[in-house]
2 protein chains.
Amino acid sequence: MNPPTAERLQTPQACLPRELVASPVFLLGRLGYGVKTQAMAAFEEAGFSAYHYSVLALLDEGVRETQATIADTLRLDRSQLVGLLDGLEERGLVERRRDLNDRRRHVVSLTALGKRQLAVFRKLVQRIEEEILAPLDADERATLHDLLVRLARHRDPSLVPPELSASA
Amino acid sequence: MNPPTAERLQTPQACLPRELVASPVFLLGRLGYGVKTQAMAAFEEAGFSAYHYSVLALLDEGVRETQATIADTLRLDRSQLVGLLDGLEERGLVERRRDLNDRRRHVVSLTALGKRQLAVFRKLVQRIEEEILAPLDADERATLHDLLVRLARHRDPSLVPPELSASA
DNA sequence: TATTGTTATACTCTATAACTATA
DNA sequence: TATAGTTATAGAGTATAACAATA
């Protein structure tokens with residue numbers, strides 16, 4: 001294993017190669033990973049997964065969703081979603097009902113309790129965002145968001161809703 | 001398993017919840033993950049790992065490095081680094097020599113062949129960057145880089161060398 | 001006893017496959 | 001036969017632990 005902490009603290013030149021840090025893509029990758037990890041840990045600490053939040057957020061946008069469409073929209077594996085929904089259902093945050101037109105399908109919907117939990121999640125997310133974006137002012141955050149949206153849309157046009165171009 | 005591709009193509013509303021896309025942190029996480037995956041795959045295709053590149057890039061910056069310092073600098077586990085160096089050494093890209101002052105240590109250095117391979121890697125990286133950053137012009141790329149550096153430094157001040165503040 | 005590099009083990013995540021019930 | 005949801009299995013990647021040589 002690596003030395004606990006002592007080693008890392010006393011080395012003053014622990015900074016990464018300039019060649020890597022000079023690359024926006026490298027920074028994007030590393031920062032993205034770190035940010036994701038931090039967010040996941042925060043949700044974990046609250047007894048949930050970050051995926052739980054994304055499911056609730058999707059369900060809150062109105063459309064009655066079936067498990068397949070939820071999984072596809074969130075780019076999750078359908079078998080992965082099963083466990084997430086199990087967790088949410090156990091706590092009464094979502095409901096699964098058989099689709100009467102096609103009894104293979106489950107229609108998933110948000111409960112009142114789920115809506116309240118979503119509000120809690122939003123506060124958590126806001127806290128995390130504030131922590132991560134602390135060094136940037138409002139204008140800079142908007143700029144960052146705009147740049148990221150354009151990169152994301154370039155990779156997968158279907159990912160970002162069209163009306164979200166340069167908003168904050 | 002998920003349906004191969006057919007399903008996904010015919011669904012027009014496959015875009016993510018607005019609530020998530022509106023968040024810079026969410027975009028950062030998702031984009032970072034995708035970008036990292038893409039870069040790793042490109043290196044894999046070339047018969048290497050992206051970590052191989054980062055090791056060579058570090059060694060090229062001059063300082064004679066020992067395995068512990070390499071691992072710490074790149075934030076890799078020391079046991080992970082062993083395998084990476086094995087791969088690089090087998091192909092004659094780096095050399096491991098015992099440190100005569102402290103025979104526990106290995107001093108790792110770049111060979112002439114390693115320098116040439118590094119040049120190849122740099123072209124590969126350039127190609128990947130161009131692909132990912134395509135939608136942004138030079139100014140925008142510099143802006144993005146500056147914003148990311150500031151976020152990265154905020155998370156870990158030791159990560160980014162001080163003189164890399166607002167350069168491209 | 002502590003540290004360097006190394007090897008071995010365990011664990012988490014995810015991707016794939018297999019199964020059921022419906023169509 | 002194909003699809004929706006579910007369960008089970010396997011593989012990659014990573015973290016942790018154990019080890020031999022040297023200090």
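Chain letters run A, B, ... following the sequence lines, proteins first, then strands; residues in each count from 1.
- Of all nucleotides listed (D:dA4, C:dT16, D:dT7), D:dA4 comes nearest to the side chain of A:T66.
- Note on B:R122 versus B:E129: no salt bridge recorded, every NZ/NE/NH1/NH2 to OD/OE distance being 4.0 Å or above.
- Among C:dG5, D:dT6, C:dT14, the nucleotide with an atom closest to any side-chain atom of B:Q67 is C:dG5.
- Residue order along DNA chain C, read from the 5' end via each residue's closest nucleotide, puts B:H106 first among A:K36 and B:H106.
- The existence of a salt bridge linking A:D156 and B:R30 is excluded, since no basic side-chain nitrogen approaches an acidic carboxylate oxygen closer than 4.0 Å.
- The side chain of A:S79 sits closest to C:dT16 out of D:dG5, C:dG5, C:dT16.
- Counting any heavy atom pair closer than 4.0 Å across all strands shown, A:Y51 reaches sugar-phosphate atoms only and no base atom.
- Between A:R104 and A:D99, no side-chain nitrogen of the basic residue sits less than 4.0 Å from a carboxylate oxygen of the acidic one, so the salt-bridge criterion is not met.
- Partners of A:Q80 by side-chain contact (heavy atoms from CB on, under 4.5 Å), not counting sequence neighbours, listed by chain and number: A:Y51, A:L76, A:D77.
- Atom NE2 of B:H106 sits about 8.5 Å away from atom CD of B:E89, to the nearest 0.5 Å.
- Between B:R97 atom CZ and C:dG5 atom P the separation is 15 Å, expressed in whole Å.
- Within the 4.5 Å cutoff, side-chain heavy atoms of B:L151 are placed close to those of A:L144.
- Following rounding to the nearest Å, B:L76 (CG) and D:dG13 (C1') show an atom-to-atom distance of 13 Å.
- For the pair A:V107 and A:Y33, both in contact range of DNA chain D, the more 5′-proximal nearest nucleotide belongs to A:V107.
- Rounding to whole angstrom units, CG of residue A:D77 and C1' of C:dC13 are separated by 12 Å.
- Put simply, A:R96 has a side-chain N or O that comes within less than 4.0 Å of OP1 or OP2 on D:dT6.
- Distance CG (A:D86) to C1' (D:dG5): 11 Å, rounded to an integer number of Å.
- The CG atom of B:D72 sits 10 Å away from the P atom of C:dG5 (whole-angstrom rounding).
- Phosphate proximity of D:dA4 to A:R78: present, with a side-chain N or O under 4.0 Å from OP1 or OP2.
- Whole-Å rounding puts the B:L84 CG to D:dG13 C1' distance at 12 Å.
- When each of B:R64, B:E65, B:R97 is checked for a side chain to side chain donor-acceptor pair (under 3.5 Å) with B:S109, only B:R97 meets the rule.
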Is there any protein nitrogen or oxygen under 3.5 Å from a nitrogen or oxygen in nucleotides 20-23 of chain D, and what are the pairs?
| residue | atom | partner | partner atom | Å |
| --- | --- | --- | --- | --- |
| D:dA23 | OP1 | B:R103 | N | 2.9 |

